[in-house]
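Okay, so here's the structure we're looking at.
Predicted, not measured: the structure shown is a model, and the values here were computed from it.
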Amino acid sequence: KVIHKLMPILFPRFDPNGTNPIDCVDKLPKKLPILLVHSKKDSLVSIDGSEDLSRKLKEAEVDVDYLKFEQFSLTLYSIDTLKILLNNSN
């Protein structure tokens with residue numbers, strides 16, 4: 001997957017074997033307010049992950065608000081920028 005090649009470039013401390021947020025839900029205090037924000041147009045991360053995390057947080061009775069945007073992207077990098085980063089990383 002392209003994202004796995006990009007993550008170390010965009011986020012040098014990225015660890016692909018690191019902790020997945022959904023695996024930490026049971027360790028969170030229930031009164032900790034969490035805001036999840038995701039866009040359906042996000043070209044890097046599937047919205048399914050945010051929806052799964054939101055659902056699991058609610059099931060664990062953690063204080064979560066989930067904002068899902070339909071029409072704009074929250075992606076920080078354009079596809080052209082990502083292609084340049086990939087080409088320069090070799």
Side-chain angles (χ1 to χ4, degrees):
K1 243 181 155 180
V2 172
I3 188 66
H4 293 152
K5 292 180 183 176
L6 291 174
M7 291 304 284
I9 297 166
L10 301 175
F11 306 101
R13 295 178 56 196
F14 173 72
D15 177 3
N17 300 313
T19 304
N20 187 334
I22 204 163
D23 296 331
C24 301
V25 168
D26 59 337
K27 296 179 178 112
L28 295 172
K30 293 188 186 311
K31 294 188 181 220
L32 176 69
I34 295 178
L35 174 62
L36 294 176
V37 181
H38 207 118
S39 170
K40 280 190 161 186
K41 291 188 173 190
D42 190 327
S43 58
L44 295 178
V45 178
S46 168
I47 200 163
D48 295 339
S50 291
E51 290 177 350
D52 291 344
L53 180 57
S54 175
R55 187 172 24 263
K56 189 163 182 180
L57 287 164
K58 287 177 183 176
E59 288 171 1
E61 298 179 356
V62 174
D63 182 14
V64 61
D65 286 308
Y66 176 40
L67 299 178
K68 178 171 50 174
F69 294 97
E70 305 284 332
Q71 296 300 319
F72 81 94
S73 176
L74 302 171
T75 303
L76 298 176
Y77 300 96
S78 70
I79 296 301
D80 291 334
T81 303
L82 295 176
K83 287 177 185 175
I84 291 167
L85 287 170
L86 276 176
N87 289 334
N88 291 336
S89 68
N90 294 332

* Exceeds 12 heavy-atom contacts within 6.0 angstrom, atom NZ of Lys31 ->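 Check fails, neighbour count at 12 or below.
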If hydrophobic clusters are built by linking Ile, Leu, Val, Met, Phe, Trp and Tyr wherever their side-chain heavy atoms come under 4.5 Å apart, do [X] and [Y] end up in the same one?
X: Leu53; Y: Leu35; result: no
X: Ile34; Y: Ile47; result: yes
X: Val64; Y: Ile22; result: yes

* Report yes if the side chains of Lys68 and Glu51 come closer than 4.5 Å at any heavy-atom pair, otherwise no. =>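 Heavy-atom side-chain distance check passes, below 4.5 Å.
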* Asked: Can you tell me how far NZ of Lys58 sits from CG of Asp63, rounded to the nearest 0.5 angstrom?
  ->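 If I round to the nearest 0.5 Å, the distance is 11.0 Å.
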* Any chance you could measure Glu59, atom CD, to Ser54, atom OG, to the nearest 0.5 Å? =>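 So the CD of Glu59 and the OG of Ser54 are separated by 9.5 Å.
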* Might you point out which heavy atoms bring Val62 and Val25 nearest each other, and give the distance in Å? =>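 In terms of heavy atoms, the two residues are closest at CG2-O, 4.5 Å.
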* What are the two closest non-hydrogen atoms of Ser50 and His38, and how far apart are they? ->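 Shortest heavy-atom separation between Ser50 and His38 comes out as OG-ND1, 2.5 Å.
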